[in-house]
Amino acid sequence: MVMAVVQDKDSPRLAQNLVKQGIRATKLASTGGFLHAGNTTFMIGVQDDQVSSVLDAIQVSCRSREQVVTPMSPMGSQLESYVPYPVTVQVGGATVFVLDIERFEQF
Ligand code: 2BA
């Protein structure tokens, strides 16, 4: 099983590339813990020998982008001394986890 967190902008391209290769996937709407921005998590169930094609599809479909964020005020901080400087972070291409699945059933 490959789980990939991708940017929403890359999600249609990745979905299309997986379908082209006959690879099944489920898309989940997710939210990044740091930016609190929406992203998309793909659950892609494949045999071991298909993992590298899935990783290739992810790599060609997902781009890295810069995003400017203004950090939120930390809880309990002195508001007078808090200056919310915008910070630029590099998001993506994709964050990928490859998991072994113990059992798979479809009813
Ligand atoms: P976010 O958590 O919203 O993170 C967006 C981007 O902010 C990250 O891009 C990274 O550049 C930066 N960032 C995240 N946490 C940070 C921190 N503690 N300090 C400084 N900068 C930080 P990516 O690394 O490309 O991650 C994109 C999205 O992938 C993340 O969105 C999150 O939804 C997911 N993700 C990344 N690493 C993960 C992990 N270890 N476990 C689960 N999800 C992860």
Side-chain angles (χ1 to χ4, degrees):
M1 158 85 73
V2 180
M3 289 193 75
V5 184
V6 310
Q7 293 174 71
D8 288 343
K9 282 182 184 164
D10 295 325
S11 156
R13 193 170 29 239
L14 176 55
Q16 214 172 9
N17 285 336
L18 292 172
V19 168
K20 264 191 216 158
Q21 295 186 45
I23 292 170
R24 295 183 178 196
T26 296
K27 280 167 55 175
L28 308 170
S30 45
T31 304
F34 186 67
L35 295 182
H36 301 286
N39 50 30
T40 304
T41 300
F42 281 77
M43 281 173 56
I44 309 161
V46 286
Q47 298 295 333
D48 288 347
D49 60 3
Q50 289 179 293
V51 167
S52 62
S53 346
V54 170
L55 296 181
D56 289 345
I58 295 170
Q59 219 166 357
V60 299
S61 308
C62 300
R63 311 221 152 96
S64 167
R65 297 181 184 86
E66 283 194 341
Q67 219 159 312
V68 179
V69 266
T70 304
M72 298 203 310
S73 146
M75 295 275 279
S77 70
Q78 298 285 335
L79 277 181
E80 317 81 66
S81 62
Y82 176 70
V83 186
Y85 291 110
V87 186
T88 303
V89 291
Q90 196 81 20
V91 185
T95 299
V96 181
F97 304 88
V98 180
L99 315 168
D100 279 331
I101 298 301
E102 208 167 292
R103 187 168 162 174
F104 170 74
E105 302 281 358
Q106 272 187 315
F107 298 108

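In what follows, residues are counted from 1 in the order of the sequence shown. Order of appearance sets the numbers: ligands from 1, and atoms from 1 within every ligand.
Residues Q7 and R63 approach most closely at NE2-O, 2.9 Å, considering heavy atoms. Of all heavy-atom pairs spanning I58 and A94, the tightest one is CG2-CB, 3.5 Å.
Residues in residues 19-34 take part in no salt bridge (charged side-chain N to carboxylate O under 4.0 Å, His left out) pair, two or more places apart or across chains. Among pairs with a residue in residues 5-19, those fulfilling salt bridge (charged side-chain N to carboxylate O under 4.0 Å, His left out) read D10-R13, D10-R65, at least two apart in sequence or across chains.
Residues passing the side-chain contact (heavy atoms from CB on, under 4.5 Å) test with I101, sequence neighbours excluded: M1.
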What are the polar N/O contacts of ligand 1 with the protein below 3.5 Å, with distances?
unit_1: ligand 1; atom_1: 2 (O); unit_2: G33; atom_2: N; d: 3.2
unit_1: ligand 1; atom_1: 2 (O); unit_2: F34; atom_2: N; d: 2.9
unit_1: ligand 1; atom_1: 3 (O); unit_2: F34; atom_2: N; d: 3.4
unit_1: ligand 1; atom_1: 3 (O); unit_2: L35; atom_2: N; d: 2.8
unit_1: ligand 1; atom_1: 9 (O); unit_2: Q90; atom_2: O; d: 3.4
unit_1: ligand 1; atom_1: 11 (O); unit_2: Q90; atom_2: O; d: 2.7
unit_1: ligand 1; atom_1: 25 (O); unit_2: G92; atom_2: N; d: 2.7
unit_1: ligand 1; atom_1: 29 (O); unit_2: T95; atom_2: OG1; d: 3.3
unit_1: ligand 1; atom_1: 33 (O); unit_2: N39; atom_2: ND2; d: 3.0

Exercise. Taking it one step at a time, do S64 and Q90 satisfy side-chain hydrogen bond (donor to acceptor under 3.5 Å, both in side chains)?
Worked result: CA-CA 7 Å; S64 167; Q90 196 81 20; 2.8 Å; yes

